[in-house]
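To start, the structure itself, in structure tokens.
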Amino acid sequence: MPAILSIRDLCKTYDDGFEALKSITLDIEEGEILALLGPNGAGKTTLISTICGITTPTTGSVSVGGHDILTSYRAARAMIGLVPQEVALEPFERVINTVRLSRGLFGKPRNDAHIEDILRKLSLWDKKDSQLSMLSGGMKRRVLIAKALSHEPRVLFLDEPTAGVDVELRKDMWDIVADLKSSGVTIILTTHYIEEAEAIADHVGIITKGELLLVEDKAKLMAQLGQKQIEVQVSEVITSVPDALQDHALELTPSGEALIYTYDTRAERTGITKLLNDIAAAGLILRDVQTRQSSLEDIFVGLVSGEKS
Amino acid sequence: MNWTAVAAIYRFEMARFFRTFMQSFLSPVLSTSLYFVVFGAAIGSRIQEVEGVSYGAFIVPGLIMLSVMTQAISNASFGIYFPKFIGTIFEMLSAPVSFLEIVLGYVGAAATKALFIGIVILFTASFFVDIQIAHPGAMVLFLLLTCLSFALLGFILGIWARSFEQLQLVPLMIVTPLVFLGGSFYSITMLPPIWQKVTMFNPVVYLVSGFRWSFFGIADVPIMFSLLAIAGFTVLCMAVIWWIFKTGWRIRN
Ligand SMILES: Nc1ncnc2c1ncn2[C@@H]1O[C@H](COP(=O)(O)OP(=O)(O)O)[C@@H](O)[C@H]1O
Ligand SMILES: [Mg+2]
């Protein structure tokens, strides 16, 4: 399947000489959800702003649905919906009017049924005549999403959509994303919350200091880079790792009721069989065995700190 | 052309106007009435006629021009500056619209509001004095071109401004003095000869003079000069906007 969003050697240097993006190349397939993870100042917002036309690229090219964002900006932008990081809304305007404005700006004829549908899905329908300045922060964010969806985009950018929002909205947001995905919309979201990427993304891209370190299938990323741990609970409390098990790089939990073995899923041999045999041979009785997969967070922290050194 | 977008911007901007409709409507009515009380009654009792026109009627075209110019500028500059200030401009920049469409939406709305206020003043004035319009076609043309060109100027100001102070600086420090000194409330033939010469460098003189001519057939400068001045000013503003469009000046970084 051809990429719906294709970024080639994209660089952005701001007027003050700051290099915010350093040669980003990325392809995103139609219908997938890509989570861009990166610390503050990594260049996530700059990347999105450049694709959407808010800032101009310094060099490189971007095409959306085959349309270059500079030479065919109308066709390219018509496909894009953007939910910005910062909440910016006309304070004295009413919810429904600002959503209608968005649809009009994108050249779409008035469609009250569609707008109603979106507002209902976002629990905004009973607030449709409220002044924007009267809404809570979470509600304002919903309005921004409604605006972005008002013109039926094929590609949706969500720039830190759940930063500082309550749990309820975050769950709603995930449902909306799942809904959109099933209708074939491609979604690129940036986030600080790794659990978010983990929960909803198909692919994960990691960006720091203007560079895209990697883009991977989420499951593959975790399988490839993830470390796994086995926690072996024993039936009696022990004070130290038995001598017979010293070869295995085990840790003892503070309570002394379990041994923790960390292994690399990428390794040829995980050493689990030998470990379990040796534990039995050492005379310990197993009460329970659990495995734990390390989270994206661990992977992320590992990568970013690796980059620093 | 994305006419749907032009209409959407225009409607959105007009909504701001209708939200404060009573204020938009009452303030020109009130200020016009006050001008008549102060200028018409106080000064008019001393100056009976200017070139055969009663003083009260004489100031009407200048009064309309004064409000139309300042309203067109402030509406257009605020209209585009405010989204920049609160950040909603991102939506204009990321929408499939050209700069021309943005200008048409904002400037069209600002010019409409200024035109509305001009008409309200004309109507209010007709309660105080007899108004005859000798050249209605020219009057409409002058009024429309003034609304348009000053809205364009306001748009440029709004793009240029980086703070609310800057936004108010140009109308306050340049436009208002030029309008007051531009023969809005007097004929420049009433000035000493040296000031008559200096006044010729004030572009507003040409606009007020031409507009007054369309009412009473009397003018401080030849009507052709007035037409050239307003046309030239409109073209100049368009050229600056074209340049902003080409360079993305103060819009996209
Ligand atoms: N308009 C600008 N001018 C100069 N530098 C900027 C501008 N906008 C952002 N930056 C810088 O670019 C870097 C990336 O910012 P941003 O894209 O907002 O990061 P993120 O969204 O990942 O937190 C930051 O160091 C920021 O200070
Ligand atoms: Mg950001």
Side-chain angles (χ1 to χ4, degrees), chain A residues 12-16 20 45-46 48-58 64 67 69 72-94 97-110 131-133 144 147-148 150-151 153 157 159, chain B residues 1-24 75 78-106 108-109 158-159 162 164 244-253:
Chain A
K12 173 67 189 181
T13 306
Y14 280 112
D15 289 345
D16 59 6
T45 299
T46 303
I48 290 180
S49 300
T50 311
I51 297 168
C52 295
I54 295 163
T55 57
T56 43
T58 308
V64 185
H67 309 289
I69 57 158
S72 323
Y73 71 92
R74 277 188 204 272
R77 289 185 201 164
M79 298 178 70
I80 297 177
L82 167 63
V83 180
Q85 180 175 357
E86 303 290 338
V87 173
L89 290 165
E90 185 100 356
F92 305 115
E93 195 44 82
R94 297 185 189 289
N97 289 345
T98 190
V99 177
R100 282 195 184 128
L101 168 71
S102 301
R103 188 174 168 86
L105 278 178
F106 280 74
K108 288 263 165 43
R110 188 167 164 166
Q131 261 192 13
L132 289 160
S133 59
L144 286 174
K147 281 166 76 72
S150 68
H151 53 270
F157 288 92
D159 198 356
Chain B
M1 280 295 279
N2 183 349
W3 287 109
T4 317
V6 176
I9 298 172
Y10 183 85
R11 216 176 300 123
F12 196 73
E13 281 303 296
M14 290 309 287
R16 199 204 308 281
F17 181 63
F18 288 121
R19 263 201 306 274
T20 54
F21 184 79
M22 276 325 276
Q23 185 197 326
S24 313
N75 279 313
F78 187 79
I80 188 68
Y81 178 76
F82 197 55
K84 267 188 5 175
F85 180 71
I86 61 172
T88 53
I89 189 85
F90 86 86
E91 194 171 25
M92 295 290 155
L93 300 178
S94 61
V97 295
S98 73
F99 190 69
L100 177 65
E101 287 146 6
I102 296 178
V103 172
L104 281 177
Y106 279 104
I159 296 274
R162 286 194 160 130
F164 274 104
I244 293 175
F245 168 53
K246 278 285 148 202
T247 58
W249 180 70
R250 294 211 175 165
I251 310 175
R252 287 193 170 90
N253 46 9

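By convention in this document, chain letters (A, B, ...) are assigned in the order of the sequence lines, proteins followed by strands, and residues within each chain are numbered from 1. Fair warning: this is a prediction, and the values are worked out from it, not measured in the lab.
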Next on the checklist: Heavy-atom cut-off 4.5 Å, strictly under: side chain, backbone, both or neither for A:Ser49 against chain B?
Outcome noted: neither
Next on the checklist: Rounded at 0.5 Å granularity, tell me how far CZ in A:Arg110 sits from OG1 in B:Thr4.
Outcome noted: 13.0 Å
Checklist entry - How many angstroms lie between CG in A:Asn97 and CZ in B:Arg11, if you round to the nearest 0.5 Å? => result 9.5 Å
Next on the checklist: Between B:Ala8, B:Pro96, B:Gly87, who has the most heavy-atom pairs with chain A when the cutoff is under 4.5 Å?
Outcome noted: B:Pro96
Item to check | Listed partners of B:Arg162 passing side-chain hydrogen bond (donor to acceptor under 3.5 Å, both in side chains), at least two apart | outcome: none
Checklist entry - So do B:Phe82 and A:Pro91 actually touch side chain to side chain, heavy atoms under 4.5 Å? => result yes
Next on the checklist: Counting heavy-atom pairs under 4.5 Å with chain A, which one of B:Ala15, B:Pro83, B:Ser98, B:Gly105 comes out on top?
Outcome noted: B:Ser98
Checklist entry - Residues two or more places apart in sequence or in another chain: which of them pass side-chain hydrogen bond (donor to acceptor under 3.5 Å, both in side chains) with A:Thr50? => result A:Thr55
Item to check | Expected output: side-chain A:Arg77 to main-chain B:Ser94 donor-acceptor under 3.5 Å | outcome: no
Checklist entry - Taking every heavy-atom pair that is under 4.5 Å apart, which of B:Glu91, B:Met92, B:Glu101 has the most such pairs with chain A? => result B:Glu91
Checklist entry - For the atom pair OG1 (B:Thr20) and CZ (A:Phe92), what is the distance rounded to the nearest 0.5 Å? => result 10.5 Å
Checklist entry - Quick one: what part of A:Glu86 sits under 4.5 Å from any heavy atom of chain B, side chain, backbone, both or neither? => result neither
Next on the checklist: For A:Leu105, is there any backbone N or O sitting under 3.5 Å from a side-chain donor or acceptor partner on B:Asn2?
Outcome noted: yes
Checklist outcome for this item: Among A:His151, A:Arg100, A:Lys147, the residue with the most heavy-atom pairs under 4.5 Å to chain B is A:Lys147
Next on the checklist: Which one wins on heavy-atom pair count under 4.5 Å against chain A: B:Thr88, B:Ile9, B:Val6?
Outcome noted: B:Thr88
Checklist entry - Does atom CZ of B:Phe245 have more than 12 heavy-atom neighbours, drawn from other residues, nucleotides or ligands, at distances under 6.0 Å? => result yes
Checklist outcome for this item: Output for pair (B:Phe90 CZ, A:Leu144 CG), nearest 0.5 Å, gives 6.0 Å
Next on the checklist: Please determine whether a side-chain nitrogen of the Lys or Arg among A:Glu93 and B:Arg16 lies less than 4.0 Å from a carboxylate oxygen of the Asp or Glu.
Outcome noted: no
Checklist entry - If you round to the nearest 0.5 Å, how far is CD of B:Glu13 from CD of A:Glu90? => result 7.0 Å
Checklist entry - Using non-hydrogen atoms only, which part of A:Ile80 is less than 4.5 Å away from chain B: side chain, backbone, both, or neither? => result neither
